[in-house]
Novice: 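The following block contains the structure, expressed as structure tokens.
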Amino acid sequence: MIPFDFKAIEAKWRERWEKDGTFVTDIRDFSKPKFYALDMIPYPSGEGLHVGHPMGYTSTDIVSRMKRMQGFNVLHPIGFDSFGLPAEQFAIKTGNHPGVFTDKNIQNFTRQLKAMGFSYDWTKQISTHKPEYYKWTQWVFEQLYKDGYTSHKPTYVNWCEGLDTVLADDEIVDGKSERGGFPVEKRLMKQWILNIPAYAERLLAGLDELPEWPESTKEGQRNWIGKSIGAEVEFKIENSGLSFRVFTTRADTLFGVTYCVLCPEHELISRITTTEQRDAVDKYIKECASKTDIERTNTNAEKTGVFTGAYAINPVNGERVPVWIGDYVLTYGTGAVMAVPAHDQRDYLFSKAHDLPIKRVIEGGDLDVEAFVGDGNHINSGILDGLNNEQAINKMIEWLEEKGLGTRKVNYRLREWIFSRQRYWGEPIPVVFLENGNTVLDENLPLILPEMTDYKAKNGRPPLDNATEWKSTEIDGVKGERETCTMPGTAATSWYFLRFIDPHNDKEIADKELLAHWMPVDLYVGGAEHTVGHLLYSRFWNNFLFDKGFSPVKEPFKKLVHPGMLLGENGEKMSKSKGNVINPDDVINEYGADAMRVYEMFMGPITDAKPWNKQNIEGARRFILKVWSLYINDDKIKDEENKNLEKLYHKTVKKVTEDYENMSFNTAISQMMIFVNAVQKENVFPREYACGFIKLLNPVAPFITEEIWERVFDSNNVIDYQTWPQFNEELTKDDEIEIPVQVNGKVKARIKITANEAQDKVLAAAKQAVGVTNADKEIYVPNKIVNLIVKK
RNA sequence: GCCGAAGUGGCGGAAUUGGCAGACGCAAGGGACUUAAAAUCCCUCGAGAGCAAUCUCGUACCGGUUCGAGUCCGGUCUUCGGCACCA
């Protein structure tokens, strides 16, 4: 008996792969077809790798290993998204440079990833916080700047006085900061903005060219882009010479407008509010400052608002309508809406809450209960009377354009990308504000992030504001001050897939010939939480870089897969606060990396959320041990045939190959278990099948299969360079099939037929088996089922 | 709230275009081996009725289409993910 010492075996092969450079990809080898398998790079947190990470990473590793054996030149890199808030907070707390914390975490992540046996090419590793990487992040920003896709303008942020910093909506709970519970308010700050709406139409159209993306992800991006066609209409403020514009997709309801609503941030408010209303308005605006967009747009939430005292004139009928302020109107778009309570539910609720009139202009529904938003005959609408919604919308827009009161307009919900962060631990924005009033780029890249002793923002200014020496500079002899905001985390991750191809290039983001060969990414795997955000921003940057001739393709990711969330034992989210986080180190230590990989892949479909279950790892280990004794301790592998295993072997090769391709790893493993169970019952395990099977298992369990390969088959060459096993389609089909015979839909008997037997023969056998002579209806689905319908 | 996804045994899950519901694994119970234990191997394992062959029910809930529905359609409930400076 040779025992299975997984610790020694795993250590041995980790060392061997590293020494031999087994997984180093020659990116200039164009002789083989390419396959680019990419994981979304992790943020190297202080907690180390989470058991959820290997879920996705193992899946790309399996596909990568299979593709390599199938003759592809595989690029399978990894890196770290290493700028981010936790490192900055650590630095503020301890006074240490965030890079120290980050480097330590990267080392830990690297150790853990290597322990899992992933076939990454570590020579191509990147970390986004390193100057040789962020030089090119800054460079992309400069290209966007030069092409006019950037602007610098006042934008609202969540300001927290107590923490002296800007917060994400996510960091705010009930209007207070999550950390510390300090009040939060909206504040205007000058920020860099990227004009992603300029690419809205292309980002929308590009989705149709991505058949291998999940439909739900594409739908999520479509909703985020939120294209709508409507009209922009101008409303004049009575007796003031002022006016505001509203966007509406329902221009047909203009005759039903009974008031207008401005968002609390609207610039007109201070100029139109009457003296009597001023106190109420000021008070209301203050209240709104701490609410998030989700709270504000909740349809069922109480519709708060306040009257400005001003009136606007409805351009279609000259009616005088009150102008209100309400937080259900957000700052984007025009920041103002025309309210038609009869035909919009939010307006309806607002009008009920504030006793505003409701005027019906379309027949249908019951306005005592809710707004009528359906199609119908227009009434009380002058020129629109008698028309349906679509006709009325078109007629109204034509009329507005003719009279110069409004224009047809396509509106996108997609907002500009706010690109400034009041943080230290990010890429410096290479912009200088000169004394002569000009703003220019600093093209001497990389612009290095300076070291500091205090990383905290102060007095509403970003941390870099305190780097006085770094801040003051001169460009072409003119003195100036640097931008002290940094870039958001999503900047670096919006283009890293290009850099992996040629990560050490100091002259350009990557060699053009290499890019043309390797792009797009063939398989991209990462969490569904990136449906919008990262996945939309990277499409934007890559589209832009395509336009500039730097990326060879418009769409960077050909196939996209989102692994499901890994939950705690009781189906709850794993989190530090719940104390239910599983450390992969412990699992590897106790069961080995192979068992962990088998377990995670066997849990269920890769895209489903699944609860962790310690007992089930035991099953994975048992399977590994069975394979070990089958090859090492049994004496069954012989140069002989075994007809009992022939069909099962070919079926197994076919199913496992197809399942890996489709990323159905749980059923692939199930099939391999069935095969192993069958072999255990036999005395002869033909050498050909034994050799083929160990290759099938290798992508999931690389360590044990390498060891078996060396001991049983070939001690000179690693398994990773072997060719993938083939199957014979004919041998995957059964000659004899057992099918059920139903009478009136209930199974009454089973009969054996030969494959593809003639229908009348099958039906005759079926009738005999159940003793039916006259059936009113006979249904035969070839090789599947017989159903005889007999009326009583 | 809006958008997206998912609900199948004690548990994780399986089930081409609608065609034998519960593959494979875990747990549990029984047995073999052992002085004993561990490991391993064999058997049982959705619910109910029956001595039994067998019958009835069963894929979140209500209804529909169909010879036939876990799968398709309409409605309801629950859970999860996203919602713009967390990662």
Side-chain angles (χ1 to χ4, degrees), chain A residues 40 42-43 45 81 84-86 157-158 165-171 178 191 214-220 222-224 226 292-301 328 332 345-346 413-423 426 485 488-490 493 527-534 536-537 562 564-565 567 569 571 573 598-599 602-605 607-620 622-623 625-626 629 664 666-667 669-674 677 680 738-747 750 775-781 783-790:
Chain A
M40 288 184 191
Y43 173 76
S45 76
D81 174 16
L85 208 46
V157 297
N158 301 313
T165 188
V166 176
L167 297 178
D169 275 358
D170 189 65
E171 297 174 288
E178 197 180 19
Q191 313 221 64
E215 273 313 313
S216 57
T217 305
K218 290 192 273 185
E219 196 54 27
R222 285 189 193 104
N223 288 330
W224 180 274
T292 66
D293 287 358
I294 294 172
E295 290 164 345
R296 285 170 59 166
T297 51
N298 185 331
T299 316
N300 280 1
Y328 76 103
Y332 47 83
Q345 187 61 19
R346 286 160 310 175
R413 191 158 42 235
L414 180 64
R415 285 185 250 166
E416 290 172 311
W417 178 2
I418 301 172
F419 203 69
S420 300
R421 297 291 181 271
Q422 289 67 39
R423 312 271 190 217
C485 285
T490 32
T493 51
E529 66 273 20
H530 299 292
T531 294
V532 286
H534 163 62
L536 192 64
Y537 293 140
H562 302 302
M565 186 85 68
L567 307 169
E569 300 253 1
K573 223 172 157 168
V598 169
Y599 165 62
F602 186 59
M603 284 177 97
T607 51
D608 285 10
K610 298 162 287 265
W612 184 263
N613 181 334
K614 198 178 164 176
Q615 284 178 325
N616 283 349
I617 310 175
E618 202 62 58
R622 248 173 252 168
F623 172 63
L625 278 169
K626 264 188 206 179
S629 34
S664 295
N666 56 329
T667 51
I669 292 169
S670 161
Q671 182 67 33
M672 289 191 282
M673 286 173 170
I674 292 169
N677 289 345
Q680 274 193 319
E738 195 182 70
I739 62 165
V741 180
Q742 297 182 333
V743 177
N744 295 332
K746 299 239 191 282
V747 180
R750 284 163 219 287
D776 294 287
K777 194 168 174 188
E778 298 167 350
I779 292 148
Y780 174 52
V781 181
N783 302 327
K784 284 279 181 203
I785 199 168
V786 174
N787 192 4
L788 305 169
I789 310 304
V790 184

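When reading the values below, keep in mind they use all heavy atoms of this one structure, side chains included, and skip hydrogens, waters and symmetry mates. Fair warning: this is a prediction, and the values are worked out from it, not measured in the lab.
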Novice: Go ahead and name the base partner of B:A28; Watson-Crick or wobble counts if both distances stay under 3.5 Å, otherwise write none.
Specialist: B:U44
Novice: Look at all strands and tell whether A:K614 reaches a base, only sugar-phosphate, or nothing, counting heavy atoms closer than 4.0 Å.
Specialist: nothing
Novice: May I have the distance from A:D608 (atom CG) to B:A6 (atom P), rounded to whole angstrom?
Specialist: 8 Å
Novice: With C1' as the reference atom in both, quote the distance from B:C45 to B:G22 in angstrom, rounded to an integer.
Specialist: 12 Å
Novice: Paired with B:C77: which nucleotide, if any, by Watson-Crick or G-U wobble criteria at under 3.5 Å for both distances?
Specialist: B:G7
Novice: For the pair A:R423 (side chain) and A:V166 (backbone), establish whether a donor and an acceptor sit closer than 3.5 Å, ignoring hydrogens and angles.
Specialist: yes
Novice: Taking it one step at a time, do A:L536 and A:L414 satisfy side-chain contact (heavy atoms from CB on, under 4.5 Å)?
Specialist: CA-CA 10 Å; A:L536 192 64; A:L414 180 64; 3.9 Å; yes
Novice: What is the nucleic acid contact for A:E778, judged by heavy atoms within less than 4.0 Å: base, sugar-phosphate only, or nothing?
Specialist: nothing
Novice: Under a 3.5 Å cut-off for both contacts, is B:G58 paired Watson-Crick or G-U wobble with anything, and if yes, with which nucleotide?
Specialist: none
Novice: Quick one: on RNA chain B, does A:L567 or A:L625 contact a more 5' nucleotide (nearest heavy atom)?
Specialist: A:L625
Novice: Taking syn as a glycosidic torsion within 90° of 0 and anything else as anti, which one is B:G9?
Specialist: syn
Novice: Who is the Watson-Crick or G-U wobble partner of B:G18, with both distances under 3.5 Å?
Specialist: none
Novice: Got a sec, which residues hit ring pair (Phe, Tyr, Trp, His ring centres under 6.0 Å) with A:Y43, two or more places apart in sequence or on another chain?
Specialist: none
Novice: Grab the CD-P distance between A:Q680 and B:G25 for me, whole Å please.
Specialist: 10 Å
Novice: Quick one: A:N613 CG to B:G12 P, roughly how many Å, whole number?
Specialist: 9 Å
Novice: Side chain of A:K610 only, please: which of B:G13, B:G25, B:G19 is the nearest?
Specialist: B:G13
Novice: Strictly under 4.0 angstrom, non-hydrogen atoms only: write out the protein contact profile of nucleotides 82-87 of chain B, one letter per nucleotide from the 5' end, B, S or -.
Specialist: SBBBBB
Novice: Just do the side-chain contact (heavy atoms from CB on, under 4.5 Å) check on A:I789 and A:N744 with the steps written out, would you?
Specialist: CA-CA 5 Å; A:I789 310 304; A:N744 295 332; 3.7 Å; yes
Novice: Checking A:N666 side chain against A:M603 main chain: does a donor-acceptor pair fall under 3.5 Å?
Specialist: no
Novice: Rounded off to whole Å, could you give me the CD-to-C1' distance for the A:E618 and B:A39 pair?
Specialist: 11 Å
Novice: What's the CD-P distance between A:Q615 and B:A28, to the nearest Å?
Specialist: 7 Å
Novice: Expressed in whole Å, how much space separates the P atoms belonging to B:U76 and B:U44?
Specialist: 45 Å
Novice: Counting only side-chain nitrogens and oxygens, does A:N677 get under 4.0 Å of the OP1 or OP2 atom of B:C24?
Specialist: no
Novice: Which one is paired to B:C2, where only Watson-Crick or G-U wobble pairs with both distances under 3.5 angstrom count?
Specialist: B:G82
Novice: Is the phosphate of B:U66 approached by A:N787 (side-chain N or O, under 4.0 Å from OP1 or OP2)?
Specialist: no
Novice: Both distances below 3.5 Å, Watson-Crick or wobble geometry, any strand: find the nucleotide opposite B:A38.
Specialist: none
Novice: For the pair made of CZ in A:R622 and C1' in B:A38, what is the distance, rounded to whole Å?
Specialist: 12 Å
Novice: Could you work out the separation of B:G13 and B:U65 based on their C1' atoms and round it to a whole Å?
Specialist: 30 Å
Novice: Touch check for A:E295, heavy atoms < 4.0 angstrom, all strands: base, sugar-phosphate only, or nothing?
Specialist: nothing
Novice: Paired with B:U65: which nucleotide, if any, by Watson-Crick or G-U wobble criteria at under 3.5 Å for both distances?
Specialist: none
Novice: I need the A:L85 CG to A:E171 CD distance, nearest 0.5 Å.
Specialist: 5.5 Å
Novice: When rounded to the nearest Å, what value does the distance between P atoms of B:G68 and B:A14 take?
Specialist: 28 Å
Novice: Is there a donor-acceptor pair closer than 3.5 Å between any side-chain N or O of A:Y599 and the backbone N or O of A:N613?
Specialist: yes
Novice: What is the distance, to the nearest angstrom, from the CD1 atom on A:I785 to the C1' atom on B:U17?
Specialist: 15 Å
Novice: Determine the contact category for A:I779: base if any of its heavy atoms lies under 4.0 Å from a base atom, sugar-phosphate if only primed atoms, P, OP1 or OP2 are that close, otherwise nothing.
Specialist: base
Novice: In whole Å, I'd like the distance from the CG atom of A:N783 to the P atom of B:G19.
Specialist: 15 Å
Novice: Expressed in whole Å, how much space separates the C1' atoms belonging to B:A69 and B:A84?
Specialist: 42 Å
Novice: To the closest 0.5 Å, what do you measure between NZ (A:K746) and CG (A:N787)?
Specialist: 11.0 Å
Novice: So how far is it from A:I669 CD1 to A:I674 CD1, rounded to the nearest 0.5 Å?
Specialist: 12.5 Å
Novice: The side chain of A:M673 is closest to which nucleotide in this list: B:G4, B:C24, B:G19?
Specialist: B:C24
Novice: Taking atom P in both B:U71 and B:A52, compute the distance separating them and give it to the nearest angstrom.
Specialist: 34 Å
Novice: If we take the P atom in both B:A47 and B:C42, what is their distance in whole Å?
Specialist: 23 Å
Novice: Of A:M603 and A:V786, whose closest RNA chain B nucleotide lies nearer the 5' terminus?
Specialist: A:M603
Novice: Nearest to the side chain of A:N223 - B:C3, B:G19, B:G25?
Specialist: B:C3
Novice: Is the side chain of A:D608 donor-acceptor paired with the backbone N or O of A:G564 at a distance under 3.5 Å, no angle test?
Specialist: no
Novice: Which value, in whole Å, describes the distance between the C1' atoms of nucleotides B:G7 and B:A60?
Specialist: 6 Å
